[in-house]
Amino acid sequence: MDSNAIEIRGLTKRYKDFALEDLNLDLPYGCVLGLVGENGAGKSTTIRLIMDALERDGGTVSVLGADNRSPDFLRRKEDVGVVLDETFVPEILTARQLGRIMAGTFRSWDQAAYEKWIARLELPEGKKFKEYSRGMTMKLGIAAALSHNAKLLLLDEATGGLDPMVREELLEVFADFAAQDGHAVLLSSHIVSDLERICDYIAFLHRGRLVLCEEKDVLLDTFGILKCSREQLKNIPQEAVHGKRIGNYGVEALVERAYMPRDAVVDRASLEDIILYLSKEETK
């Protein structure tokens, strides 16, 4: 088995007013990759390109060891559980009826697992989809994605609209899923604290360009928050500073720890701090 569940090389998709340019990305088996970026950064486009649901303008995508344009990938699609930001289910269907449709769609459909997830996520089996809230819609998509023995989960803002307790439970579910042999998860989210909690790798997209893709722990070890005066900041190597906020009482800056003087006091930076500062730096 290949070491990566997803391998992307030079992936490009151009629209009239937006372009995803030369994306290179790996998702190793056994890992959760967090895809983060502002609205319109290209997260949903990337997930659709991975599933070959959009025509790309360049590059290659391998999913579970198969080129995603090959006949082999068509056979492997059942091994991919997908939850998109917009879940397309006929409005008149109930969760129970959707399960029957899925049973006729997926050879590996596990009705018992589906019923377990419906109960665990507290979804009403007889309520029509048009009456669902956004949170209920996402939970239904997740229940279906987890019920056909998938090896890879592609989750586009799957925790959006959920209350914190349900989010916490689902994050544990995704982490446990990825920990199984031959499994992996790609999770896009604007809730950066969710990504920090469970992700092994972080990929940061900004305006269609990959700013970084790195192990989360490496990022957290590399960067820190320096609080100092304006005069003290002048003594810090400029290549170490990745954005700053200047206030009435001093400066707060995102810095690389390796460049810091021994006597500098550098606080821990959260993943949200890192993404926020780097996005401002990229916008300049």
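- For K130, the side-chain contact (heavy atoms from CB on, under 4.5 Å) partners are E91, K128, not counting sequence neighbours.
- A continuous path of Ile, Leu, Val, Met, Phe, Trp and Tyr side chains, each step under 4.5 Å between heavy atoms, connects I8 with Y29, placing both in one hydrophobic cluster.
- Within 6.0 Å of NZ in K151 there are 12 or fewer heavy atoms belonging to other residues, nucleotides or ligands.
- Here L54 contributes atom CG and D52 contributes atom CG; the two are 8.5 Å apart, rounded to the nearest 0.5 Å.
- There is no side-chain donor-acceptor pair under 3.5 Å between N149 and R107.
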Report the C-alpha distance between L155 and V185 in whole Å, list the side-chain angles of each, state the deciding distance to 0.1 Å, and finish with yes or no for side-chain contact (heavy atoms from CB on, under 4.5 Å).
-> CA-CA 8 Å; L155 308 169; V185 175; 3.8 Å; yes
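- No donor-acceptor pair closer than 3.5 Å links the side chain of R257 to the backbone N or O of M260.
- There is no side-chain donor-acceptor pair under 3.5 Å between E157 and S188.
- Qualifying ring pair (Phe, Tyr, Trp, His ring centres under 6.0 Å) partners for F73, counting only residues two or more places apart in sequence or in other chains: none.
- Taken together through direct or relayed side-chain contacts under 4.5 Å among Ile, Leu, Val, Met, Phe, Trp and Tyr, L20 and Y15 form part of one hydrophobic cluster.
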Evaluate the side-chain contact (heavy atoms from CB on, under 4.5 Å) criterion for residues I92 and Q97: first the C-alpha distance (whole Å), next the side-chain angles of each, then the deciding distance (0.1 Å), finally the verdict.
-> CA-CA 9 Å; I92 61 171; Q97 292 169 331; 5.9 Å; no
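- Atom-to-atom distance recorded for Y249:OH and K227:NZ is 15.0 Å, nearest 0.5 angstrom.
- I47 and F18 end up in the same hydrophobic cluster when Ile, Leu, Val, Met, Phe, Trp and Tyr side chains are linked at under 4.5 Å.
- With hydrogens and angles ignored, the 3.5 Å screen pairs no side-chain donor or acceptor of S70 with any backbone N or O of A66.
- A donor-acceptor pair is defined here as one N or O able to donate and one able to accept, closer than 3.5 Å; no such pair exists between the side chain of E214 and the backbone of I202.
- Residues E168 and R197 are paired through a salt bridge, judged by an N-O separation under 4.0 Å between the basic side chain and the carboxylate.
- Looking at residues two or more places apart in sequence or on another chain, you find no salt bridge (Lys or Arg N to Asp or Glu O under 4.0 Å) involving E172.
- Every residue two or more places apart in sequence or in another chain that forms a salt bridge (Lys or Arg N to Asp or Glu O under 4.0 Å) with R9 is listed here: D26.
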Go through the steps for V166 and L170 under the test side-chain contact (heavy atoms from CB on, under 4.5 Å), then give the verdict.
-> CA-CA 6 Å; V166 175; L170 286 174; 4.0 Å; yes
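- Atom CG of L35 and atom CG of L186 lie 5.5 Å apart (nearest 0.5 Å).
- Contacts classified as side chain to side chain donor-acceptor pair (under 3.5 Å) and involving residues 260-269 (residues at least two apart or in different chains) are given here: E196-R268.
- Take I246 and apply the side-chain contact (heavy atoms from CB on, under 4.5 Å) test, not counting sequence neighbours, and it matches R230, K244, V251.
- Side-chain atoms of L195 and L271, non-hydrogen and from C-beta on, do get closer than 4.5 Å to each other.
- Proximity of a side-chain donor or acceptor of Y114 to a complementary backbone N or O of A95 within less than 3.5 Å is detected.
- Side-chain atoms of Q238 and Y259 form no donor-acceptor pair, as typed in the model, at a separation below 3.5 Å.
- At a threshold of 4.5 Å between non-hydrogen side-chain atoms, the residues D22 and N24 count as touching.
- Remark: E215 pairs with Y201, V218 by the side-chain contact (heavy atoms from CB on, under 4.5 Å) rule, at least two apart or across chains.
- In this structure the side chain of K77 reaches within 4.5 angstrom of the side chain of M51, judged on heavy atoms.
- Under the 4.5 Å side-chain criterion, counting only non-hydrogen atoms from C-beta, L23 is not in contact with R56.
- Between the side chains of D194 and T159, at least one donor-acceptor pair of N or O atoms lies under 3.5 Å.
- Applying the side-chain contact (heavy atoms from CB on, under 4.5 Å) test to A269 and every residue at least two apart in sequence or in another chain returns I225, L254, D273, I274.
- For the pair R96 and E115, the salt-bridge criterion is not met [side-chain N within less than 4.0 Å of a carboxylate O].
- Within 6.0 Å of atom CG in N39, 12 or fewer heavy atoms from other residues, nucleotides or ligands are found, so the atom counts as exposed in its surroundings.
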Apply side chain to side chain donor-acceptor pair (under 3.5 Å) to Y277 and E252, showing your working.
-> CA-CA 11 Å; Y277 275 107; E252 180 179 292; 3.1 Å; yes
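- In this view, F223 and H242 satisfy the ring pair (Phe, Tyr, Trp, His ring centres under 6.0 Å) rule, not counting sequence neighbours.
- Legend: residues meeting ring pair (Phe, Tyr, Trp, His ring centres under 6.0 Å) with W117, ordered by chain and number and at least two apart, are absent.
- Residues M138 and M102 share a single hydrophobic cluster, defined by chaining ILVMFWY side chains whose heavy atoms lie under 4.5 Å apart.
- In this structure, the side chain of K43 does not engage the main chain of D156 through any donor-acceptor pair within 3.5 Å.
- Under a 4.0 Å N-O distance rule, the pair D79/R76 does not qualify as a salt bridge.
- For the residue pair E7 / N4, a side-chain donor-acceptor distance below 3.5 Å is found, with atom types taken as modelled.
- Contacts classified as ring-ring contact (aromatic ring centres under 6.0 Å, His included) and involving residues 141-199 (residues at least two apart or in different chains) are given here: F106-H148, F177-H183.
- Side-chain contact check for L210 versus L212: every heavy-atom pair is 4.5 Å or farther apart.
- One N or O on the side chain of T12 and one on the backbone of G10 form a donor-acceptor pair closer than 3.5 Å.
- To the nearest 0.5 Å, the span separating CG on N68 from CG on L49 amounts to 8.5 Å.
- Within the 4.5 Å cutoff, side-chain heavy atoms of L11 are placed close to those of V61.
- At least one donor-acceptor pair closer than 3.5 Å links the side chain of D200 to the backbone N or O of V32.
- F129 has its side chain out of reach of M136: every pair of non-hydrogen atoms, C-beta onward, lies at least 4.5 Å apart.
- Counting non-hydrogen atoms of other residues, nucleotides and ligands closer than 6.0 Å to CD of E239 gives a total above 12.
- Counting only residues at least two apart or on different chains, no ring-ring contact (aromatic ring centres under 6.0 Å, His included) pair has a member in residues 30-65.
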Show your working on side-chain contact (heavy atoms from CB on, under 4.5 Å) between L187 and L33 and close with a plain yes or no.
-> CA-CA 6 Å; L187 171 63; L33 169 67; over 6 Å; no
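- Follow the hydrophobic side-chain contacts under 4.5 Å out from L278 and you never reach I191; the two are in separate clusters.
- Classification of E55 and R69 as a salt-bridged pair holds, one side-chain N sitting under 4.0 Å from a carboxylate O.
- For the atom pair CD of Q111 and NZ of K116, the computed distance is 13.0 Å after rounding to the nearest 0.5 Å.
- Atom CG of L154 is separated from atom OG of S44 by 11.5 Å, given to the nearest 0.5 angstrom.
- A 4.5 Å side-chain heavy-atom check between L205 and V211 finds every atom pair outside the cut-off.
- Under the 4.0 Å criterion applied to side-chain N and carboxylate O atoms, R209 and E21 are not assigned as salt-bridge partners.
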